Amino acid sequence: MPFILCQLLGASGSAVTMKPGPLLANLLKTILAPLLAGATIRSTFPAVAKLVDSNKKRMSVLSSVLLILVPWMQISKAVMSGVAISVTSLLGVLAAGVGIHLVFLAFNLTATAALQLGRTADNAGTGIRRACILVGSQKTLPIAVTVLTGLAPQIGGAVGLAVIPCVVSHLVQIVIDSMLVSQWLKQQDTGTSQATQQLA
């Protein structure tokens with residue numbers, strides 16, 4: 001992703017430039033390193049894994065609070081610097097974010113169907129296929145904020161404004177994917193009911 005992003009910025013003739021090396025290093029440091037550290041601690045210390053599993057709700061709330069703090073700090077910086085943006089531009093960027101997510105969903109639905117991913121005789125792999133569709137279509141907020149933070153020296157307080165459509169797009173992604181999962185569950189329940197009736 002860092003290399004593609006940097007090429008896109010260069011090809012578009014944008015005044016904003018970015019080197020892929022520092023961006024990749026920043027992503028490894030802020031995203032991959034904590035993930036590997038958490039996985040290592042969990043596998044090394046069973047007591048920690050048990051504690052986390054028994055407090056899933058609290059850990060989920062804590063994770064959400066920490067996630068909210070990152071864009072909140074960037075938006076606060078933008079407000080303090082007096083940067084402004086038109087509502088039309090903001091709505092345009094938001095629509096683009098939603099559109100990209102829908103395109104990714106359509107692509108991943110088509111690709112997993114063409115590759116017959118998760119297709120088994122008893123449909124046991126359906127959950128894996130659906131998970132791949134969702135995970136492959138979502139763009140996470142922490143990564144977006146990390147990339148934007150790398151642009152801070154060049155665009156200044158505008159980083160805070162750029163975070164806003166990322167936050168809203170992230171929320172819209174959750175709503176769209178929740179509706180999709182709900183539809184899948186309805187189809188699954190319908191199929192189970194029909195199978196039960198046939199057996200009866």
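All values reported here derive from a predicted model rather than from experimental measurement. Basis for what follows: all heavy atoms, side chains included, without hydrogens, waters or symmetry-related copies.
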Asks: Same cluster or not: are Val52 and Ile41 linked, directly or through other Ile, Leu, Val, Met, Phe, Trp or Tyr residues, by side-chain heavy atoms under 4.5 angstrom apart?
Replies: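 Per the 4.5 Å side-chain linkage, Val52 and Ile41 are co-clustered.
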
Asks: Of the non-hydrogen atoms in Ser137 and Asn108, which two are nearest, and what is the gap between them?
Replies: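 Looking at all heavy atoms of both residues, the shortest contact is OG-ND2, 2.8 Å.
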
Asks: Which heavy-atom pair separates Ser178 from Ile174 by the least distance, and what is that distance?
Replies: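 Heavy atoms only, the tightest pair is OG-O, 2.6 Å.
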
Asks: Apply side-chain contact (heavy atoms from CB on, under 4.5 Å) to residues Leu62 and Lys57 and explain how you reach the verdict.
Replies: CA-CA 9 Å; Leu62 177 61; Lys57 281 191 175 182; over 6 Å; no

Asks: Going by heavy atoms in the side chains, are Val98 and Ile176 under 4.5 Å from each other?
Replies: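 Yes, close enough: below the 4.5 Å cut-off.
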
Asks: Name the residue from Leu134, Ile133, Val135 that meets the side chain to side chain contact (heavy atoms under 4.5 Å, CB included) definition with Asp177.
Replies: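 The passing option is Leu134.
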
Asks: Are Leu105 and Leu185 connected, step by step, through hydrophobic side chains (Ile, Leu, Val, Met, Phe, Trp, Tyr) whose heavy atoms are closer than 4.5 Å?
Replies: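 Yes, Leu105 and Leu185 fall within the same hydrophobic cluster.
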
Asks: Flag the pair Arg42 / Asp53 as yes when at least one side-chain heavy-atom distance between them is below 4.5 Å, and no otherwise.
Replies: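 Yes, close enough: below the 4.5 Å cut-off.
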
Asks: Let me check something: do Phe107 and Trp184 share a hydrophobic cluster, defined by ILVMFWY side-chain heavy atoms less than 4.5 Å apart, either directly or through other members?
Replies: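 Each belongs to a different hydrophobic cluster.
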
Asks: To the closest 0.5 Å, what do you measure between CD (Gln173) and CG (Leu171)?
Replies: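 One gets 9.5 Å once the value is rounded to the nearest 0.5 Å.
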
Asks: Where do Arg129 and Ala113 come nearest, in terms of heavy atoms and distance?
Replies: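 Result for this residue pair: NH2-CB, 3.9 Å.
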
Asks: Can Ser169 and His101 be said to form a side-chain contact (heavy atoms from CB on, under 4.5 Å), step by step?
Replies: CA-CA 9 Å; Ser169 296; His101 183 56; over 6 Å; no

Asks: Between Ser54 and Leu51, is there a donor-acceptor pair closer than 3.5 Å when you use the side chain of the first and the backbone of the second?
Replies: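 Side chain of Ser54 to backbone of Leu51, a donor-acceptor pair under 3.5 Å: yes, one is there.
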
Asks: If you round to the nearest 0.5 Å, how far is OG1 of Thr40 from CG of Leu35?
Replies: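 Interatomic distance, Leu35 CG to Thr40 OG1, rounded to 0.5 Å: 9.0 Å.
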
Asks: Look up atom SG in Cys132 and atom CG in Leu115, then write down how far apart they are to the nearest 0.5 Å.
Replies: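 So the SG of Cys132 and the CG of Leu115 are separated by 10.5 Å.
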
